[in-house]
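Accompanying notes for the structure given below.
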Amino acid sequence: MAEDTARRIAAAFAAVCLAAGVAAVTVAVVAGPGPGPVAYVSEAGITDSGYAGAYRIGIFSVAASLLLLAGALPPGVRAAAGLLGVGAVATVLSGAVTCSDGCPLPPFEATTVADLVHGGASIAATAAVVLAMLVVLFSPVADQGLRRIAAVGAALALPVAAVVAAALLLVGRSALLGVSERVLLVVVAAWGLATSGYLAVRSLTGDGPSVPARDGSNVSRR
């Protein structure tokens, strides 16, 4: 019971951290001087943007929410928790390493080491969360509600992620890439908020309160 309560508390804090982080990053992106949807979200974090502080606070808050969400997941979903942990570390790295002006990425732009580290960490963080959705979706430990949230998240995230990958490799900096990147991040954030909120209001360990069976033993109520 105490362990279940701790997971619910972790989930609640995960939701709060994620909401605060998304809000801070959104303010930095919307109010920043970037060239609209053609710009990458990460451009809000460059030193000259004027909103780098808000951006980094938001990114580190998102990283904290991923760690908390990893701890809030049912004990049997260790792979998903591990992926969220990887996503948290990659998110911290992406916030700590600032890209150069315009956050250039290969293969169409000349890049620095910092650009590669930042871009690689950002991609790894997003990919880890999307993979965590899939693990939860196919996990026999997670209950039906949790799997449904993961199913919706994966159904939305996978095609958008494919568009992002194709645009990055075939088109480069463009409105297509900028918009699809934002859509993917919104989907990932929505899944995180929905999952943490769900975990905060009910136990998803699959072990509910014990009730007596007909043979006199106790079984878990789902």
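Predicted model only: the values in this text are computed from it and were never measured.
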Side chains of residues 71-98: which donor-acceptor partners sit under 3.5 Å, not counting sequence neighbours?
{"from": "Thr91", "atom 1": "OG1", "to": "Gly87", "atom 2": "O", "distance (Å)": "2.6"}
{"from": "Ser94", "atom 1": "OG", "to": "Thr91", "atom 2": "O", "distance (Å)": "2.8"}
{"from": "Thr98", "atom 1": "OG1", "to": "Arg56", "atom 2": "NH2", "distance (Å)": "2.3"}

To the nearest 0.5 Å, what is the distance between CG on Leu185 and OG on Ser180?
9.5 Å

Chi angles and distances behind the side chain to side chain contact (heavy atoms under 4.5 Å, CB included) call for Asp143, Tyr198:
CA-CA 11 Å; Asp143 75 359; Tyr198 188 83; 3.1 Å; yes

Minimum side-chain heavy-atom gap Val41-Glu181 below 4.5 Å
yes

Roughly how far apart are Leu193 CG and Leu69 CG, rounded to 0.5 Å?
10.0 Å

The reported gap from CZ in Arg8 to OG in Ser196 (rounded to nearest 0.5 angstrom) is 14.0 Å

Out of curiosity, Ser174 OG to Leu168 CG, how far, rounded to the nearest 0.5 Å?
9.5 Å

Counting C-beta onward and ignoring hydrogens, is there a side-chain heavy-atom pair between Leu116 and Pro106 closer than 4.5 Å?
yes

Checking side chain to side chain contact (heavy atoms under 4.5 Å, CB included) for the pair Ile46/Cys99: CA distance, chi angles, key distance, verdict?
CA-CA 6 Å; Ile46 63 176; Cys99 57; 3.9 Å; yes

For the residue pair Ser42 and Ser122, establish whether any side-chain heavy-atom pair is separated by less than 4.5 Å.
yes

Using side chain to side chain contact (heavy atoms under 4.5 Å, CB included), reason through Val188 and Met133 one step at a time and then give a plain yes or no.
CA-CA 9 Å; Val188 168; Met133 293 182 197; 4.2 Å; yes

In this structure, CG of Leu169 is separated from CZ of Phe108 (nearest 0.5 Å) by 8.0 Å

Which of Leu137, Val141, Thr195 passes side-chain contact (heavy atoms from CB on, under 4.5 Å) with Leu146? It is Thr195

Those residues at least two apart in sequence (or on a different chain) that pass side chain to side chain contact (heavy atoms under 4.5 Å, CB included) with Ala190 are none

If you apply the rule side chain to side chain contact (heavy atoms under 4.5 Å, CB included), what do you find for Val130 with Trp191, and how did you get there?
CA-CA 9 Å; Val130 174; Trp191 173 79; over 6 Å; no

Spacing of SG belonging to Cys103 relative to CZ belonging to Arg173, to within rounding of 0.5 Å:
7.5 Å

